[in-house]
Amino acid sequence: QVQLVESGGGLVQPGGSLRLSCAASGFAFSMYTMSWYRQAPGKERELVARVTTAGDSTNYVDSVKGRFTISRDNSKNTVYLQMNSLKPEDTAVYYCNAQRSMIFSPFWGQGTQVTVSS
């Protein structure tokens, strides 16, 4: 069974840091582009960060550039999102996504809550 399990979310103060992890199983992880999305209440889901299969290229939404870092460890079937200098507007449920091709539907995790608040 395909599984993507996020962890590492929680409550942090503005300026703080969190590292999210997404543990994958049940598919060929190293063949999939991995991404982090987030969705805040009342807002559309947005792509936050993406990393290529070998981890050699990354992309970020402008609002997190310089603060967030996506990485992956194919030997552990895990993708990470290091989040620094967190802002209240980063508050959202963060979802792990695996996409191999537009031919197929992507895999999604259940999400992990990140709350940035004083």
Side-chain angles (χ1 to χ4, degrees):
Q1 181 183 356
V2 169
Q3 283 192 293
L4 294 172
V5 181
E6 300 96 335
S7 62
L11 173 65
V12 294
Q13 294 188 356
S17 297
L18 283 174
R19 189 178 79 152
L20 306 184
S21 298
C22 172
S25 60
F27 66 99
F29 179 81
S30 64
M31 297 183 184
Y32 283 72
T33 297
M34 299 300 299
S35 300
W36 288 95
Y37 288 76
R38 68 186 181 188
Q39 188 164 27
K43 294 187 177 181
E44 297 280 350
R45 172 172 46 82
E46 69 171 345
L47 174 64
V48 177
R50 175 173 288 157
V51 61
T52 53
T53 55
D56 56 348
S57 184
T58 58
N59 293 96
Y60 302 91
V61 66
D62 285 346
S63 61
V64 310
K65 287 180 179 176
R67 300 189 298 121
F68 290 12
T69 303
I70 188 171
S71 61
R72 67 191 295 160
D73 186 341
N74 285 345
S75 72
K76 296 181 178 180
N77 288 357
T78 302
V79 63
Y80 306 94
L81 186 67
Q82 179 67 47
M83 305 185 295
N84 299 324
S85 302
L86 282 161
K87 303 175 180 179
E89 52 262 44
D90 296 318
T91 296
V93 178
Y94 284 71
Y95 297 94
C96 183
N97 168 281
Q99 179 76 61
R100 184 171 186 178
S101 169
M102 293 298 293
I103 300 296
F104 305 101
S105 297
F107 305 134
W108 292 93
Q110 290 291 107
T112 185
Q113 177 71 47
V114 171
T115 302
V116 185
S117 176
S118 300

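Hydrogens, waters and symmetry mates play no part in the numbers below; they use all other heavy atoms, side chains included.
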For residues Leu20 and Gly9, report the shortest heavy-atom separation together with the two atoms involved. CD2-N, 3.6 Å

For Val12, check side-chain contact (heavy atoms from CB on, under 4.5 Å) against everything at least two apart and list the hits. Leu18, Leu86, Val116

Give every residue pair that meets the salt bridge (charged side-chain N to carboxylate O under 4.0 Å, His left out) criterion with at least one member in residues 109-118, sequence neighbours excluded. none

Taking Asn74 for the side chain and Thr53 for the main chain, is one N or O donor matched with an acceptor at less than 3.5 Å? yes

For Gly8, is there any backbone N or O sitting under 3.5 Å from a side-chain donor or acceptor partner on Arg19? no

Is Glu6 reaching over with its side chain to a backbone N or O of Gly111, donor-acceptor style, under 3.5 angstrom? yes

Linking I/L/V/M/F/W/Y whenever any side-chain heavy atoms sit under 4.5 Å apart, do Trp36 and Tyr95 land together? no

Restricting to ring-ring contact (aromatic ring centres under 6.0 Å, His included), what partner residues turn up for Tyr37, sequence neighbours left out? Trp108

Side-chain donor-acceptor pairs under 3.5 Å in residues 77-85, sequence neighbours left out?
unit_1: Thr78; atom_1: OG1; unit_2: Lys76; atom_2: O; d: 2.9
unit_1: Gln82; atom_1: NE2; unit_2: Asn84; atom_2: OD1; d: 3.0
unit_1: Asn84; atom_1: OD1; unit_2: Ser17; atom_2: OG; d: 2.9

Which word best sums up how the rings of Phe27 and Tyr32 line up, parallel for under 30°, tilted for 30 to 60°, or perpendicular for over 60°? perpendicular

Residues in ring-ring contact (aromatic ring centres under 6.0 Å, His included) with Phe29, at least two apart? none

Please check this pair: side chain of Ser57 against backbone of Thr52, looking for a donor-acceptor N/O pair closer than 3.5 Å. no

Taking all heavy atoms of Asn97 and all of Pro106, pick out the closest pair and write down the distance. ND2-CB, 3.4 Å

Grouping I, L, V, M, F, W and Y whenever their side-chain heavy atoms are under 4.5 Å apart, do Val48 and Val93 come out in a common cluster? no

I need the Phe107 CZ to Ser25 OG distance, nearest 0.5 Å. 10.5 Å

Can you name the nearest heavy-atom pair linking Phe104 to Gln99, along with the distance? O-NE2, 3.1 Å

When you measure from the side chain of Arg50 to the backbone of Ile70, do you find a donor-acceptor pair of N or O atoms at a distance under 3.5 Å? no

At their closest point, which heavy atom of Ala98 faces which heavy atom of Met34, and how far apart are they? CB-SD, 3.5 Å

OG1 of Thr58 to NZ of Lys65, rounded to nearest 0.5 Å, is 9.5 Å

Quick check: closest heavy atoms across Gln113 and Thr91, and the distance to 0.1 Å? NE2-CG2, 4.0 Å

Give the cluster check for Leu47 versus Met102: same hydrophobic cluster or not, with ILVMFWY residues linked at side-chain heavy-atom distances below 4.5 Å. no

Write out all pairs satisfying salt bridge (charged side-chain N to carboxylate O under 4.0 Å, His left out) with one or both partners inside residues 23-49, taking only residues at least two apart or from two chains. Arg38-Glu46, Arg38-Asp90

Tell me the closest heavy-atom pair linking Ala92 and Ala40, and the distance in Å. CB-N, 3.8 Å

